[in-house]
Amino acid sequence: MKTALWNSPTDRYMNVITVENLTKKFGSFTAVDNISFEVGKGEIFGFLGANGAGKTTAMRMLCGLLKPTSGKGIVAGYDIRSESENVKASIGYMSQKFALYEDLKVWENIRLYAGIYGVPEKDIAPKTDELLKELGFEGEKETLVKSLPLGWRQKLAFSVSIFHEPKVVFLDEPTGGVDPVTRRQFWEMIYKASDKGITVFVTTHYMDEAEYCNRVSIMVDGRIDALDSPANLKKEFNATSMDEVFRKLARKSKNNEL
Amino acid sequence: MTLSGSNIKAVVCTDVCKSYEKVPALRNISFTVEQGEIFGVIGPDGAGKSTLFRVLTTLLLADSGTASVEGMNVVKGYKEIRKNVGYMPGRFSLYQDLTVEENLKIFATLFHTTIEENYYLIKDIYSQIEPFKTRRAGALSGGMKQKLALSCALIHKPSILFLDEPTTGIDPVSRKELWEMLRKLKSQGITIVVSTPYMDEASLCDRIALIRDGEFMKIDTPKGIISGFRKELWAVRGSNMSALIGHLREVDGVVTCFAFGDNHHITVDNTILTKEILRSRLEEKGHNEIIIEKIEAGIEDCFMELANR
C-alpha cells in the first residue's frame with residue numbers, strides 16, 4: 001500500500017475517497033480491520049462482502065456517521081474523524097431499506113432533500129422539472145411515493161440522492177428485489193452519474209452487478225482481501241464469473257457465524 | 001385424510017384472484033405442485049409472491065378461485081392445513097428477545113412435539129447454529145436467522161414447506177448453503193414451494209413460475225422456459241461498455257439491449273443484421289476490442305422477453 005498519499009495534494013484532489021489503515025472495534029470484536037484503499041473521481045466502486053464481513057460498519061465510517069477506532073479516511077476532501085459534518089454535506093446516500101418518505105408526494109420528497117442539502121432555493125423548481133422529465137415521471141409529480149411501484153421508487157431515490165450534485169454517492173444494496181428491467185435501467189443511471197464525474201460507491205448481492213463496476217473490493221472478516229477490476233479478479237482467481245471469485249474468497253472466512 | 005397418498009397433488013390452485021382495495025395483487029393464478037417437488041415462484045418485489053403464499057398457508061382469503069394444499073381446501077380445511085405445512089414468511093418473524101433454543105422450543109410445543117422427536121430433520125441446519133443456542137434471536141446475523149427460521153418451520157415435520165424469499169438480502173455463499181439444505185429436504189420427501197427475486201436460483205428448482213404484476217407469465221421446468229426463448233440473442237462486449245449500450249440501441253435490427261454483467265445482451269432481427277454489419281457499425285462509432293457471440297438465453301433473458309410482450 002502507498003504511504004505518502006496524505007501529503008500529496010494531487011492525490012487528495014484526484015481521489016474522492018482515501019482510506020488508510022481504517023479500523024473499528026466494538027469491544028473485543030474487530031468489525032473493520034485495518035483497511036486501506038482509494039477511489040477516484042467518477043469511479044464506480046463495488047464494495048462486496050458476506051453478511052457480517054464489515055461492509056456496513058466501513059460505510060458508516062465513510063459517511064461520517066461512526067468514528068473510527070484508528071486509521072484515517074478522507075471523503076470528498078474532508079477528514080471523516082474531525083470534519084464529519086462536512087463529509088455528510090458533501091455526499092449522497094441511498095439504501096434499499098429507507099430512501100424516501102412514503103407519505104410525501106414525489107415533488108415534496110425532492111423539495112425536502114434539496115432543502116436539507118442546501119440546494120439554492122431558485123434552482124429547486126426548475127431542477128425538479130428537469131429531473132422528472134429525464135425519468136419520464138412528469139405525470140407523477142403529485143403522486144404519493146407509497147403508490148409508486150418499487151422500481152420507480154428506487155430510480156427516484158437515486159435521482160434524489162444526487163440532486164445536490166455530491167462528489168460521491170453511497171448506495172447500499174440499491175437494487176434488491178427490483179425487477180430485471182428496472183435493475184438495468186438503474187445501472188444505466190449509475191453509468192450516467194459516473195460520466196458526470198460523480199463517484200459511485202455501491203454494495204450489492206447481485207454478482208452480475210459487480211461486473212458493472214470499474215473496480216471491486218471484497219471484504220472478508222473485516223479485511224479487504226481482494227481489490228481490482230472484475231476482469232483482473234477473475235484472472236487472479238481463475239474464475240469465470242464474479243460469483244465464483246466471491247465464493248472462493250468467502251470460503252476463507254474464519255467467521256463461522258454466516 | 002392421508003398425506004401419503006401419492007395421487008394427491010401437494011398444491012392445486014385454480015383461478016385465484018386477490019385485490020387490496022382496487023389494486024389487484026393476484027390475477028387468475030392457476031397451477032399445481034407435485035409431491036416432493038421444488039417449485040419456485042420467481043419475480044420481483046410487488047409481483048404478488050407473498051400474497052400467494054399467504055393464501056396457500058390459510059392466512060389470507062382469496063377474493064375468488066379455489067386452492068387446496070395436500071388435498072385440503074384452504075378455506076374449509078384450514079385447521080388441518082396448518083398442522084401439516086411449514087411456513088417461513090419473508091420477514092424474520094421469530095421472537096427477537098428469546099434465545100435460539102427458546103424459539104425452537106416454542107414452535108415444537110405449539111405443534112405438540114419436542115425438539116428431540118424431530119431433531120433428525122433439522123440436524124444439518126440446526127447444528128450450525130446450535131453453538132449459539134443461548135444467544136437472543138435478534139442478535140443473530142442474517143444467515144443464522146434464516147437457519148433458525150427454517151429450523152422452526154421444520155420442527156413439526158411438515159409434509160410441505162412454504163418458504164417466502166428465504167435468500168433475500170443474504171450473501172451468495174449463504175444463499176448457496178440454503179439451497180443445498182433445500183435439496184436435502186427434498187430428498188427426505190418434503191415438497192417445497194419457494195419464492196425468490198433472484199433469477200439465477202431458477203435452475204435449482206424442478207419447475208418454476210415466472211410472476212409479474214400478479215400474473216404467472218409462464219410455468220415450466222427451467223430448461224423448458226429457456227427453450228421457449230425463440231429470439232436470436234447475442235452477447236456484445238467492447239472497451240467502453242457505458243457508451244456501447246446507447247450505440248447498440250441505435251443500430252437497425254437491434255430489438256432490445258440490456259446490460260448483463262460483463263456483456264450486453266441484444267435480441268436482433270437477423271434478417272437485416274449480421275455480426276459483420278454490427279461490428280462495422282460499432283467501429284464507425286469508435287468502439288474497439290469488440291466481441292460478438294451468439295448465446296443461449298438465461299432465465300433472466302426469458303423473464304424480460306416475457307415481460308415485454
Side-chain angles (χ1 to χ4, degrees), chain A residues 44 48-53 55 96-97 147-151 153-154 173 175-188 190-192 194-195 203-212 214 220 229-231 234 240-251 253 255-258, chain B residues 23 42-47 49 90 128-129 131-132 135 139-147 165 167-177 196-200 210 212-213 237 241-246 256-265 298-305 307-308:
Chain A
I44 303 175
L48 311 184
N51 299 113
K55 295 191 303 287
Q96 181 198 351
K97 285 169 199 125
S147 47
L148 289 177
L150 174 84
R153 240 186 273 181
Q154 294 304 82
E173 286 181 44
T175 56
V178 172
D179 73 84
V181 176
T182 312
R183 202 152 71 79
R184 289 176 169 78
Q185 292 169 343
F186 194 94
W187 273 92
E188 288 180 33
I190 291 180
Y191 275 147
K192 269 188 204 158
S194 143
D195 289 343
T203 73
T204 179
H205 282 319
Y206 292 97
M207 287 302 117
D208 62 327
E209 295 189 343
E211 305 272 6
Y212 304 150
N214 300 117
V220 180
S229 66
K234 282 185 277 184
T240 54
S241 66
M242 281 305 292
D243 190 49
E244 203 181 329
V245 171
F246 187 91
R247 280 192 269 118
K248 282 186 171 168
L249 264 171
R251 205 177 291 153
S253 169
N255 180 354
N256 290 321
E257 294 182 29
L258 297 174
Chain B
V23 185
I42 300 180
D45 287 4
K49 301 189 297 293
Q128 297 177 44
I129 51 172
F132 310 99
R135 190 179 287 190
L140 297 176
S141 70
M144 283 168 80
K145 276 182 183 168
Q146 294 302 75
K147 283 170 193 164
E165 299 205 21
T167 55
T168 291
I170 68 173
D171 65 71
V173 177
S174 302
R175 274 168 61 189
K176 196 165 174 282
E177 282 177 3
T196 177
Y198 297 107
M199 307 275 156
D200 58 346
L210 298 179
R212 180 175 176 270
D213 289 341
R237 224 178 308 176
M241 295 299 280
S242 172
L244 190 59
I245 292 187
T256 61
C257 167
F258 292 108
F260 254 87
D262 53 358
N263 286 293
H264 297 325
H265 286 189
I299 292 291
E300 208 159 358
D301 294 296
C302 298
F303 188 97
M304 297 202 291
E305 200 262 326
N308 230 335

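To find a chain, count down the sequence lines: A is the first, B the second, and so on, and within it residues start at 1.
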With a 4.5 angstrom heavy-atom cut-off, which part of Q185(A) approaches chain B: side chain, backbone, both or neither? neither

Just so I know, are the side chains of D179(A) and R212(B) near enough to count as touching, which here means a heavy-atom distance under 4.5 Å? no

Residues in ring pair (Phe, Tyr, Trp, His ring centres under 6.0 Å) contact with H264(B), at least two apart in sequence or another chain: none

Ignoring hydrogens and geometry, is there a side-chain-to-backbone donor-acceptor pair from Y191(A) to I245(B) under 3.5 Å? no

Which residues pass the salt bridge (Lys or Arg N to Asp or Glu O under 4.0 Å) test with D301(B), sequence neighbours left out? none

Looking at P197(B) and G177(A), what are the two nearest heavy atoms and their distance? CB-CA, 4.1 Å

Below 4.5 Å from any heavy atom of chain B, which atoms of P230(A) appear? Answer side chain, backbone, both or neither. neither

With a cut-off of under 6.0 Å to the ring centre and 45° to the axis, is R184(A) in cation-pi contact with F260(B)? yes

Of the non-hydrogen atoms in P44(B) and V178(A), which two are nearest, and what is the gap between them? CB-C, 4.0 Å

Compare all side-chain heavy atoms of D195(A) with those of S242(B) and state whether any distance is below 4.5 angstrom. yes

Tell me the closest heavy-atom pair linking G176(A) and D45(B), and the distance in Å. O-OD2, 4.1 Å

From SG (C257(B)) to CD (E188(A)), nearest 0.5 Å: 7.0 Å

How many angstroms lie between atom CG of D208(A) and atom CG of N263(B), to the nearest 0.5 angstrom? 11.5 Å

Return the OH to CD distance between Y206(A) and E300(B), rounded to the nearest 0.5 Å. 8.0 Å

Which atom names give the shortest non-hydrogen contact between D243(A) and P172(B), and what distance separates them? OD1-CB, 3.7 Å

Top residue by heavy-atom pair count (under 4.5 Å) with chain A, among G46(B), G261(B), G246(B)? G261(B)

Sort K192(A) into side chain, backbone, both or neither according to what part of it lies under 4.5 angstrom from a heavy atom of chain B. neither

Please state whether the side chain, the backbone, both or neither of I170(B) comes within less than 4.5 Å of a heavy atom of chain A. both

Contact part of V181(A) toward chain B, heavy-atom cut-off under 4.5 Å: side chain, backbone, both or neither? both

Carefully, step by step, assess D200(B) and M207(A) under the rule side chain to side chain contact (heavy atoms under 4.5 Å, CB included). CA-CA 10 Å; D200(B) 58 346; M207(A) 287 302 117; over 6 Å; no

